[in-house]
**Q** 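Sharing a structure below in structure tokens format, with a few things to ask.
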Amino acid sequence: MIKIYNTLSKNKETFKPIKEGQVNMYVCGMTVYDLCHIGHARVMVIFDMVSRWFNVSGFRVNYVRNITDIDDKIIGRAIENKESIQNLTQRYIHEMNIDAEVLGVIKPSKEPKATEHIKDMISLIQTLIEKKYAYVANNGDVFYSVRAFHQYGKLSGKSIDDLRAGERVDIDQNKLDELDFVLWKSAKPNEPSWDSPWSKGRPGWHIECSAMSSHYLGHHFDIHGGGQDLQFPHHENEIAQSEAAYDCKMANYWMHNGFVRVDDEKMSKSLGNFFTIRTVLDKFDAEVVRFFMLRAHYRSPLNYSDSHLDDARLALQRLYISLRGIEINNVDIDWQHPLAHKFREAMDDDFNTPEAISVLFELANEINKNKSELLATLLKGLAKTLGLLERDSELFLKGDKKISLNIDEMILKRHEAKINKNFKEADRIRTLLLEAGVVLEDTAQGTIWRKE
RNA sequence: GGCGCGAUAGCAAAAUGGUUAUGCAGCGGCCUGCAAAGCCGUAGACGCCAGUUCGAUUCUGGCUCGCGCCUCCA
């Protein structure tokens with residue numbers, strides 16, 4: 001039985017699917033006008049892990065992660081770059097896919113784009129207008145009437161009267177109530193637009209997720225996820241739109257992953273303290289980045305720094321070293337094994353990956369002692385459920401970094417020096433290699449090497 | 001002003017009303033020509049003050065500090 005911390009109830013709850021054996025999950029994805037940063041990577045990796053675990057647990061997973069390909073920032077960036085919006089968004093969707101793949105993120109079942117569902121959004125807005133949850137302003141904008149939806153605030157725990165409208169963003173003068181949010185924006189000159197009953201314009205930010213989730217997963221589905229910063233207003237507004245329009249609960253479980261931080265501050269575009277996935281991958285192996293993310297609980301904040309990544313690198317190295325030289329033909333998991341059981345218990349408890357990973361280290365310790373092929377198989381199998389240790393350990397340990405020295409030749413020379421008891425020469429060669437980032441290990445089977 | 005989250009050893013990070021988390025780093029040993037890797041051992045922790053309890057890092061209250069949200073955000 002899988003337990004999930006539900007933001008809606010602020011409690012861990014036992015997961016019960018709407019349809020037996022099936023999980024319908026919607027996750028808010030990226031707005032594509034720039035390269036993804038580490039915060040985006042965390043969302044992708046975390047929900048990939050969640051989706052994998054449901055799969056391992058025997059569920060069919062229908063995982064939808066949307067792509068926002070029309071919004072103010074995209075329009076702004078396209079103008080700045082003097083390129084078409086399509087050109088811009090296509091390019092960054094491509095870049096995002098590259099990042100996701102390197103990080104071992106399995107493609108969601110569906111990745112719908114907002115611009116492909118404008119019709120769905122228009123009809124949803126129409127329904128909301130008919131049901132008096134939305135109104136058309138004089139300028140052709142359509143707004144959601146927040147006070148009409150009595151449960152507004154149930155997800156984020158906010159009370160309408162306590163909200164400070166306009167605290168950080170200017171209030172639109174066309175709104176009847178300052179808390180109302182826009183469903184449809186009439187287009188300004190030269191802006192991309194679609195025809196609608198109210199004005200030539202484009203959708204507001206929140207409506208796409210209500211429209212697309214219901215289109216692919218139905219009005220009522222199992223899990224809705226995203227970054228913690230989407231809890232309010234985005235997810236709150238999604239609930240207001242969907243539940244008002246369809247008269248049923250939108251999602252049973254709401255999952256929010258914690259922020260990535262830099263120097264104890266949230267990493268964000270507006271603060272400018274972000275690192276793109278690309279820059280991080282210049283310095284660290286993608287699997288190290290993935291491991292780093294899974295080593296913390298998904299709801300906890302995750303402090304990003306080079307030294308933390310380095311720490312993760314060494315830890316992951318330990319796991320790969322334990323698998324070195326052991327032939328593994330399959331990755332079947334013997335769930336009867338006590339450590340496999342412990343792993344499962346940890347994962348079932350709100351996806352406690354730090355605890356699950358600690359089990360991997362217990363296995364590594366045993367394997368180092370007895371070189372057990374059985375345990376190595378188990379280690380690889382369990383790690384695979386997290387998308388880890390999927391490479392050949394030699395490939396990981398040697399790395400793909402080009403080294404100009406002829407390592408094999410130098411090892412041979414050092415071997416000869418050792419035979420002649422010329423340890424000074426042997427050590428000189430070893431130091432030379434070490435300076436190039438190559439560590440030698442003398443084993444009973446001969447000298448082997450790995451990158452530092 | 002409202003709402004919420006957090007504080008665990010040098011660093012990172014879990015669990016737990018009593019008993020080894022785990023990883024990196026440290027210390028002692030084994031192994032090694034010396035290392036590396038590995039193994040064995042070892043040290044080091046629960047922000048502060050009360051309360052509940054036989055017993056609190058864990059539960060409750062208060063305090064301090066940090067972080068987040070209050071219509072840009074993963």
Side-chain angles (χ1 to χ4, degrees), chain A residues 7 10 27-31 36-44 46-47 71-73 146 153 156-172 178-182 204-206 225-234 236-237 256-261 264-271 274 291-292 295-297 299-303 305 307-308 310-319 321-322 324 346 349 352-362 364-365 367-369 418 421-424 426-427 430-431 434 439-444 447-450 452:
Chain A
T7 310
K10 293 182 172 54
V27 172
C28 292
M30 261 52 78
T31 302
C36 290
H37 59 61
I38 292 298
H40 300 120
R42 192 176 192 193
V43 183
M44 292 198 277
I46 291 303
F47 288 100
D71 94 319
D72 288 356
K73 294 202 162 147
V146 165
S156 54
K158 296 193 187 306
S159 128
I160 291 179
D161 297 319
D162 291 335
L163 292 174
R164 285 187 171 189
E167 171 84 1
R168 296 199 304 187
V169 173
D170 291 338
I171 294 163
D172 188 324
E178 56 190 17
L179 295 170
D180 294 348
F181 61 90
V182 71
W205 173 35
H206 316 294
Q228 210 163 42
D229 43 359
L230 297 184
Q231 200 180 117
F232 189 89
H234 186 54
E236 196 68 61
N237 290 352
H256 294 98
N257 66 274
F259 297 129
V260 175
R261 295 186 187 169
D264 286 319
E265 259 190 342
K266 175 186 169 184
M267 177 185 289
S268 73
K269 293 248 168 174
S270 43
L271 287 168
F274 62 90
F291 178 80
F292 166 68
R295 209 153 68 120
H297 188 86
R299 284 191 279 117
S300 304
L302 180 65
N303 264 311
S305 79
S307 70
H308 293 163
D310 226 31
D311 190 79
R313 198 195 95 230
L314 291 170
L316 184 61
Q317 189 171 277
R318 176 172 163 83
L319 294 178
I321 283 176
S322 77
R324 189 164 53 181
D349 184 12
N352 193 339
T353 53
E355 176 133 3
I357 285 174
S358 81
V359 173
L360 302 184
F361 284 98
E362 286 185 58
N365 182 248
I367 294 165
N368 283 333
K369 280 189 265 187
K418 277 175 67 179
K421 301 260 188 249
N422 186 353
F423 296 122
K424 209 174 165 188
D427 290 351
R430 187 170 62 196
T431 308
L434 190 63
V439 181
L440 296 188
E441 296 179 30
D442 293 334
T443 73
T447 300
I448 56 173
W449 68 274
R450 61 180 164 84
E452 199 178 6

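Naming: A, B, ... by sequence-line order, numbering from 1 per chain. Only heavy atoms go into these numbers, but all of them, side chains included; no hydrogens, no water, no symmetry mates.
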**Q** Whole angstrom is fine here: how far is it from NE2 in H206(A) over to C1' in C72(B)?
**A** 10 Å
**Q** G153(A) near the nucleic acid: base, sugar-phosphate alone, or nothing, with a heavy-atom cut-off under 4.0 Å?
**A** nothing
**Q** Which one is paired to U19(B), where only Watson-Crick or G-U wobble pairs with both distances under 3.5 angstrom count?
**A** none
**Q** If A74(B) has a Watson-Crick or G-U wobble mate with both distances under 3.5 Å, name it; if not, just say none.
**A** none
**Q** Do nucleotides 11-18 of chain B as a string where each nucleotide becomes B, S or -: B if the base has a protein heavy atom under 4.0 Å, S if just the sugar-phosphate does, - if no protein is that close.
**A** SSSSS---
**Q** Verify, without hydrogens or angle tests, whether D311(A) (side chain) and S307(A) (backbone) share a donor-acceptor contact under 3.5 angstrom.
**A** no
**Q** Write down the distance between CZ (F232(A)) and P (C70(B)), rounded to a whole number of angstrom.
**A** 8 Å
**Q** Using modelled atom types and a 3.5 Å cut-off, is there a donor and acceptor pairing between side-chain atoms of H37(A) and backbone atoms of M267(A)?
**A** no
**Q** Separation of D264(A) atom CG from C5(B) atom C1', in whole Å?
**A** 14 Å
**Q** Between N365(A) and R318(A), is there a side-chain heavy-atom distance shorter than 4.5 Å?
**A** yes
**Q** To the nearest angstrom, how far is M267(A) atom CE from G68(B) atom P?
**A** 13 Å
**Q** Who is the Watson-Crick or G-U wobble partner of G41(B), with both distances under 3.5 Å?
**A** C27(B)
**Q** Looking at every non-hydrogen atom in both residues, tell me the closest pair between A296(A) and T353(A) and how far apart they are.
**A** O-OG1, 3.4 Å
**Q** C67(B) pairs with which nucleotide, Watson-Crick or G-U wobble, both distances below 3.5 Å?
**A** G4(B)
**Q** To the nearest Å, how far apart are D229(A) CG and A74(B) P?
**A** 7 Å
**Q** On RNA chain B, compare the nucleotides closest to H37(A) and F291(A); which residue's is nearer the 5' end?
**A** F291(A)
**Q** Evaluate Q228(A) against K266(A) for side-chain contact (heavy atoms from CB on, under 4.5 Å), listing each step before the verdict.
**A** CA-CA 11 Å; Q228(A) 210 163 42; K266(A) 175 186 169 184; over 6 Å; no
**Q** Give the B/S/- string for nucleotides 31-43 of chain B, one per nucleotide from 5' to 3', where a protein heavy atom under 4.0 Å of the base yields B, of only the sugar-phosphate yields S, and otherwise -.
**A** --BBBBSSSS---
**Q** Test for a donor-acceptor pair under 3.5 Å between the base of C73(B) and the side chain of K269(A), counting only N and O atoms.
**A** no
**Q** Do K266(A) and C73(B) share a donor-acceptor pair, side chain to base, under 3.5 Å?
**A** yes
**Q** For U53(B), give its Watson-Crick or G-U wobble partner with both distances under 3.5 Å, or none.
**A** none
**Q** So K73(A), base contact, sugar-phosphate only, or nothing? Heavy-atom distance under 4.0 Å.
**A** base
**Q** Output, in order, the C-alpha distance, side-chain angles, deciding distance and verdict of side-chain contact (heavy atoms from CB on, under 4.5 Å) for R42(A) and I38(A).
**A** CA-CA 6 Å; R42(A) 192 176 192 193; I38(A) 292 298; 5.8 Å; no
**Q** Return the value, rounded to whole Å, for the distance between atom CZ of R299(A) and atom P of G4(B).
**A** 16 Å
**Q** Please verify the inter-ring angle class for F181(A) with H206(A); under 30° counts as parallel, over 60° as perpendicular, anything in between as tilted.
**A** perpendicular
**Q** Is C34(B) paired to anything, Watson-Crick or G-U wobble with both distances less than 3.5 Å, and if yes, which nucleotide?
**A** none
**Q** Taking the C1' atom in each of A21(B) and U58(B), what is the distance between them to the nearest angstrom?
**A** 15 Å
**Q** Which value, in whole Å, describes the distance between the P atoms of nucleotides U19(B) and C24(B)?
**A** 25 Å
**Q** Look at all strands and tell whether V182(A) reaches a base, only sugar-phosphate, or nothing, counting heavy atoms closer than 4.0 Å.
**A** nothing
**Q** What is the nucleic acid contact for G157(A), judged by heavy atoms within less than 4.0 Å: base, sugar-phosphate only, or nothing?
**A** sugar-phosphate
**Q** Between C67(B), C24(B), G68(B), which nucleotide gets closest to the side-chain atoms of F259(A)?
**A** G68(B)
**Q** Starting at atom NZ of K158(A), determine the distance to atom P of G2(B), rounded to an integer number of angstrom.
**A** 13 Å
**Q** For A74(B) and T31(A) - does any side-chain N or O of the residue sit under 4.0 Å from the phosphate oxygens OP1/OP2?
**A** yes
**Q** Base, sugar-phosphate or nothing for F181(A)? Non-hydrogen atoms, less than 4.0 Å.
**A** base
**Q** What orientation do F361(A) and F291(A) show, parallel under 30°, tilted 30 to 60°, or perpendicular over 60°?
**A** perpendicular
**Q** Could you give the CZ-to-C1' distance, from R42(A) to A74(B), as a whole number of Å?
**A** 10 Å
**Q** Hey, which sits more toward the 5' end of RNA chain B by its nearest nucleotide, L230(A) or L271(A)?
**A** L271(A)
**Q** On a whole-Å scale, what distance lies between the C1' atoms belonging to C69(B) and A74(B)?
**A** 15 Å
**Q** With a 3.5 Å distance limit and no angle check, can you tell me whether E236(A) reaches the backbone of S156(A) through a side-chain donor-acceptor pair?
**A** yes
**Q** Is it true that atom NZ of K10(A) has more than 12 heavy atoms of other residues, nucleotides or ligands lying nearer than 6.0 Å?
**A** yes
